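Since the structure comes first, as structure tokens, the remarks are kept for the end.
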Amino acid sequence: MKKRILITGGAGFVGSHLCERLLKEGNEVFCLDNYFTGDKQNVAHLVAHPDFELIRHDITQPYLIEVDEIYNLACPASPPHYQYNAIKTIKTSVLGAINVLGLAKRTRAKVLQASTSEVYGDPAVHPQTEAYWGNVNPIGIRSCYDEGKRCAETLFMDYHRMNQVRIKIIRIFNTYGPRMNPNDGRVVSNFIVQALHNQDITIYGDGSQTRSFQYVDDLIEGMIRLMNTADTVTGPINIGNPGEFTMLELAEKIIRLTASKSKIIYQPLPQDDPKQRCPDISLAKKELDWQPKIPLEEGLLRTIAYFKSLSQ
Ligand SMILES: NC(=O)c1ccc[n+]([C@@H]2O[C@H](COP(=O)([O-])OP(=O)(O)OC[C@H]3O[C@@H](n4cnc5c(N)ncnc54)[C@H](O)[C@@H]3O)[C@@H](O)[C@H]2O)c1
């Protein structure tokens, strides 16, 4: 059945892939964005589609529309962008959550919150299960994002408990793929852009810190599966790729795949940078019958092809 679906932050990296996929499945998609970190260009190929609508709006202000489902993705997601205006970042997370939850309450829409592995902070347990409450600095330079997302999760649970709003919370781990913003300082896009220009590749710290990287198509599959679960399934559910790589391994892989002449250089680790982060995805396997399918090399090759196309 054709559904009416609102995607806040739909013109961003993840949102644009979600718009594309939900349109392909025959739905009517309303893409809401204030273009802070997103770009109309990310959804330009969808604009002519009769079931696609682009809405310029800031989610810190209420928005009224009749829909069946809401995916709440609006929020700058990379440290330089969310730290650019930290107060605005918290407002986007918290007021944005209140506004989409109010809308879901009125329209009886299902609403999915794009939460983050950052709610685990610098984790003291490894890998992280959903039962872990996290180790987050409430007053640091990353807190506007981490605590904003934690408060949004609280709001989602309280609207569910108090108003029976049908909610889903997904905790997204590092995701990469085409349409990542090349200037947002995320490690995969940074390394690829540096490698394609044969510039030095910057590693913060000694390069032994590990990260897991999930290709965007795997994330989109997980999001849609969670949205389609029974109302009793609220999450939070981790969605990420548990395969761990050190920063040094990632840099070396990208240099090889791009046949780059780049050299690796080292700089001090930024404040509150987690040393290790890796999802436990047992719950996603059990509740969603989901696990990541795209191996790192394949995803990197697709992403490299995208960044190459930008410079042509
Ligand atoms: N990409 C990842 O690795 C990752 C990891 C964890 C969580 N997430 C979450 O997924 C969501 C999407 O992330 P992304 O990587 O696509 O980032 P992105 O920056 O590309 O997308 C965020 C979108 O939200 C829009 N936006 C920001 N503030 C807004 C506001 N006040 N009103 C309306 N629109 C606003 C931006 O313009 C952008 O289009 C975010 O909520 C992010 O926190 C992403």
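Since we're looking at a predicted model, the values are computed, not measured. Note that ligands are numbered from 1 as they come in the structure, with each ligand's atoms numbered from 1 the same way.
- Of the options Asn72, Asn34, Leu95, the smallest heavy-atom separation from atom 30 (C) of ligand 1 is shown by Asn34.
- Sorted by first and then second residue, the ring pair (Phe, Tyr, Trp, His ring centres under 6.0 Å) pairs with a member in residues 149-203 read Tyr176-Tyr215; sequence neighbours excluded.
- Short contacts between ligand 1 and Ala74, defined as distances under 4.0 Å to a heavy atom of the residue, involve ligand atoms 24 (O), 33 (C), 34 (N), 35 (C).
- Taking every non-hydrogen atom of Gly38 and a distance limit under 4.0 Å, the qualifying atoms of ligand 1 come out as 36 (C), 37 (O), 38 (C), 39 (O).
- Arg142 and Glu118 are joined by a salt bridge, as a carboxylate oxygen and a charged side-chain nitrogen come within less than 4.0 angstrom of each other.
- Here Glu252 does not pair with Arg256 in a salt bridge; the nearest charged N to carboxylate O distance is not below 4.0 Å.
- Counting protein heavy atoms only, atom 16 (O) of ligand 1 is closest to Val14 N, 2.8 Å.
- Among all non-hydrogen protein atoms, the one lying nearest atom 20 (O) of ligand 1 is Phe13 N, 2.9 Å.
- Not close to ligand 1: Met180, with no non-hydrogen atom less than 4.0 angstrom away.
- Per-residue contacts place Tyr35 under 4.0 angstrom from the following atoms of ligand 1 (heavy atoms of the residue considered): 37 (O).
- For ligand 1, the atoms lying closer than 4.0 Å to a non-hydrogen atom of Gly12 are 20 (O), 21 (O), 38 (C), 39 (O).
- Heavy-atom contacts of Ser115 reach the following atoms of ligand 1: 7 (C) (cutoff under 4.0 Å).
- Counting only heavy atoms of the protein, atom 39 (O) of ligand 1 lies nearest to Asp33 OD2, 2.5 Å.
- Ion pair Lys91/Asp58 not flagged as a salt bridge, since none of the NZ, NE, NH1 or NH2 atoms sits closer than 4.0 Å to an Asp/Glu carboxylate oxygen.
- Contact between Tyr145 and ligand 1 is present, with at least one heavy atom of the residue lying under 4.0 Å from the ligand.
- Applying the 4.0 Å criterion to heavy atoms of Asn174 picks out, from ligand 1, the atoms 3 (O).
- Residue Lys149 approaches ligand 1 through these ligand atoms, each under 4.0 Å from one of its heavy atoms: 40 (C), 41 (O), 42 (C), 43 (O).
- The protein heavy atom nearest to atom 31 (N) of ligand 1 is Asp58 OD1, 2.9 Å.
- Thr8 and Asn72 form a side-chain donor-acceptor contact under 3.5 Å, judged by distance and modelled atom types alone.
- Looking only at protein heavy atoms, the nearest one to atom 36 (C) of ligand 1 is Thr37 OG1, 3.2 Å.
- Looking only at heavy atoms of the protein, atom 32 (N) of ligand 1 is closest to Ile59 N, 2.9 Å.
- Using a 4.0 Å cut-off between a side-chain N of Lys or Arg and a carboxylate O of Asp or Glu, Arg150 and Glu147 qualify as a salt bridge.
- A salt bridge does not link Lys168 with Glu287: none of the charged nitrogens is closer than 4.0 Å to a carboxylate oxygen.
- Between Arg171 and Glu153 there is a salt bridge, since a side-chain N of the basic residue sits under 4.0 Å from a carboxylate O of the acidic one.
- Using a 4.0 Å cut-off between a side-chain N of Lys or Arg and a carboxylate O of Asp or Glu, Arg21 and Glu221 qualify as a salt bridge.
- Not a single heavy atom of Thr8 sits closer than 4.0 Å to an atom of ligand 1.
- Each of Val119, Thr92, Thr116 was evaluated against Tyr145; a single residue qualifies, Thr116, per the side-chain contact (heavy atoms from CB on, under 4.5 Å) test.
- Short contacts between ligand 1 and Arg186, defined as distances under 4.0 Å to a heavy atom of the residue, involve ligand atoms 1 (N), 2 (C), 3 (O), 14 (P), 15 (O), 17 (O).
- Residue Pro76 has no nitrogen or oxygen atom sitting less than 3.5 Å from a nitrogen or oxygen atom of ligand 1, judged on distance alone.
- Looking at Glu249 and Lys253, no side-chain N of the basic residue comes within less than 4.0 Å of a carboxylate O on the acidic one, giving no salt bridge.
- For atom 6 (C) of ligand 1, the nearest non-hydrogen atom of the protein is Ile172 O, 3.1 Å.
- Looking only at heavy atoms of the protein, atom 3 (O) of ligand 1 is closest to Thr175 N, 2.8 Å.
- Salt bridge status for Glu53 with Arg4: absent, with no side-chain N to carboxylate O gap under 4.0 Å.
- Ring pair His81/Phe36 is perpendicular by interplanar angle, where above 60° counts as perpendicular and below 30° as parallel.
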